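Here is the structure we will look at, set down as C-alpha cells.
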Amino acid sequence: MPASSPDQPHATPFNLEQTRILITGAAGGIGAATARLCGQLGARMVLSDWVETAQLESLAHEIPGVDAVHRCDVSQRADVQAMTNRLGPFSALADAAGICPYDEDWMAPDWNEVEFLRVIRINMLGPINLVRAVMPGMIERQYGRIALCGSIAGWTGGLRAGPHYAASKGGVHALVRWFSQRAVPHGVTVNGVAPGPVISGMTEGHGYQPDAYPMKRMGQPEEIASVLAFLCSPAASYVTGTIIDANGGTYLR
C-alpha cells in the first residue's frame, strides 16, 4: 500500500482504496458482512478464520479485493504472528473473531474453568495477539486503524450469554482504551463496536426475543459491518479509544 496516509485532506472519507485490511472471523456473519462491505469500498483484504480454508475461499470468490485467505486460530500467538509476517503489512485490522457458548452452568458443583478459559483465550487473548502482531508496523509507518468487536454484554453482563462471554467482552472494551493510549501518538487509532443481539449462527436457537427490544427486531450483520468499516476508514481519523454502541437502543449509556 502507499506509504502516505489516507487521512490527507484530498482523501474521500469513506473510500478504502488505500486500505489493506486483515479481517478475522471472516467466515461468521459479522466478519463476512464486513468483508463484503469493505470490498465494495475498494479495500484490499486478507480474510482469516479457523474454519476450513475452502469455506474462506468460497467467500473470497463472492467479493472483490481479497488478496489471500488464511486459516488461523487467533488464540495462538505464533500462528497469528506467522500469518501477519507472511501476508502483511496491513493498514487496518477488523477483528470479528469470537465464540459464545451458552450451555455452561457455572454454578453447578462440577463446574470447571476449561470452557471459561477457552472463551477468554479466543475472545480476549485473540485481540491481544492480533494487535501485538499488526500494531508495531502501523506505528513504524505512522498510520493504522484497529477495530475490535466488543458486545453489549461487556456493558450489561449480557442478555443471554454466560459469564465467560461477558467477562471477555468487558475485557475487550478495556483493551481498546489501553491500546489506544499507546497507539494514538503514532497516528494509529484503536476503537471497538459493541453490538446488541444480531441475527447470526451465534444467536440462532438461543431464545432471543426480537419483540423485547426497542426496534422490535434483532440487528443484521451488515449493521455491525458498517461500523467496523467506518472505523477502518479515513472518516474515523479523529476517533480513538471509543466503543461505538450498535444495539438498536437496547442499552443506552
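The chain is numbered in sequence order, starting from 1. Everything numeric here is computed off the predicted structure, so don't read it as measured data.
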Distance from Arg145 atom CZ to Thr19 atom OG1, nearest 0.5 Å? 8.0 Å

Give a yes or no on whether the backbone of Cys149 and the side-chain of Lys169 come within a donor-acceptor separation of less than 3.5 Å. yes

So, do Cys38 and Cys232 sit near enough that their side-chain heavy atoms are less than 4.5 Å apart? no

What I'd like to find out is whether the side chain of His70 reaches to under 4.5 Å of the side chain of Leu87, using heavy atoms alone. yes

For Val193 and Ala246 the tightest heavy-atom approach is CG2-CB, 4.1 Å

With rounding to the nearest 0.5 angstrom, report the CG to CG distance, Leu252 to Asn247. 7.0 Å

Within this structure, what is the OG-CG distance for the pair Ser75 and Leu117, rounded to the nearest 0.5 Å? 11.5 Å

Indicate yes or no: at least one non-hydrogen side-chain atom of Phe179 is less than 4.5 angstrom from one of Ile146. no

With a 4.0 Å cut-off on N to O distance, would you call Arg44 and Asp67 a salt bridge? yes

Do Met215 and Ile30 land in one hydrophobic cluster if side-chain heavy atoms of ILVMFWY residues count as linked below 4.5 Å? no

Between Gly28 and Asp49 the two heavy atoms that sit nearest each other are N-OD2, 3.8 Å

Could you state the interatomic distance from CG (Leu37) to CD1 (Ile224), rounded to the nearest 0.5 Å? 12.0 Å

Should the heavy atoms of other residues, nucleotides or ligands under 6.0 Å from CD of Glu62 be counted, would the total exceed 12? yes

Please round to the nearest 0.5 Å and tell me the distance separating atom OG1 of Thr24 and atom CG of Asn129. 11.0 Å

Give a yes or no answer on whether the side chain of His164 reaches the backbone of Cys100 with a donor-acceptor pair at less than 3.5 Å. no

Side chain proximity check, Leu16 to Ser233, heavy atoms < 4.5 angstrom: yes

Quick one: does any side-chain atom of Ser58 pair with a main-chain N or O of Ala54 as donor and acceptor, under 3.5 Å? no

Give a yes or no on this: more than 12 heavy atoms of other residues, nucleotides or ligands lie within 6.0 Å of atom CZ of Arg71. yes

Could you walk me through whether Val51 and Leu56 pass the side chain to side chain contact (heavy atoms under 4.5 Å, CB included) test, one step at a time? CA-CA 8 Å; Val51 301; Leu56 289 170; 4.1 Å; yes

Main-chain N/O of Ala82 paired to Arg86 side chain as donor or acceptor, under 3.5 Å: no

Quick note, side-chain hydrogen bond (donor to acceptor under 3.5 Å, both in side chains) partners involving residues 177-192, not counting sequence neighbours, are Ser180-Thr240

Stepwise side chain to side chain contact (heavy atoms under 4.5 Å, CB included) test for Trp50 and Cys72: CA-CA 5 Å; Trp50 64 355; Cys72 181; over 6 Å; no

Walk me through it: do Ile122 and Arg118 pass the test side chain to side chain contact (heavy atoms under 4.5 Å, CB included)? CA-CA 6 Å; Ile122 294 171; Arg118 185 172 79 97; 4.2 Å; yes

Could you tell me which non-hydrogen atom of Val190 sits nearest to which non-hydrogen atom of Ala183, and how far apart they are? CG2-CB, 4.0 Å

Find the distance between CG (Leu47) and CD (Gln55) and round it off to the nearest 0.5 Å. 11.5 Å

Are Phe14 and Val227 connected, step by step, through hydrophobic side chains (Ile, Leu, Val, Met, Phe, Trp, Tyr) whose heavy atoms are closer than 4.5 Å? yes

With the side chain counted from C-beta on, respond yes when Phe90 and Thr84 share a heavy-atom pair under 4.5 Å apart, and no when they do not. yes

Using atom types as modelled and distance alone, determine if a side-chain donor or acceptor of Thr242 lies under 3.5 Å from a backbone N or O of Val239. no

Using side-chain heavy atoms (C-beta onward) and a distance below 4.5 Å, is Ile99 in contact with Asn123? yes

Give a yes or no on whether the backbone of Asp211 and the side-chain of Lys216 come within a donor-acceptor separation of less than 3.5 Å. yes

With heavy-atom distances below 4.5 Å as the criterion, would you say the side chains of Ile63 and Met45 are in contact? yes

Within the distance-only criterion (no hydrogens, no angle test), does the side chain of Gln142 pair as donor or acceptor with the backbone N or O of Ile139 below 3.5 angstrom? yes

Nearest heavy-atom neighbours spanning Gln220 and Val198: C-CG1, 3.9 Å

Of Val80, Val74, Asp79, the residue whose pairing with Gln76 passes side chain to side chain contact (heavy atoms under 4.5 Å, CB included): Asp79

For the student: nearest non-hydrogen atoms of Ile21 and Ala43, plus distance: CD1-CB, 3.9 Å

As a quick check of understanding, evaluate side chain to side chain contact (heavy atoms under 4.5 Å, CB included) for Leu22 and Leu130, giving each step before the final call. CA-CA 10 Å; Leu22 172 61; Leu130 288 161; 4.1 Å; yes

Note, Met124 side chain near Leu175 side chain (heavy atom, < 4.5 Å): yes

Is the closest side-chain donor-acceptor distance between Asp245 and Trp155 under 3.5 Å? yes

When every non-hydrogen atom of Phe230 is compared with those of Ala236, the smallest separation belongs to O-CB, 3.3 Å

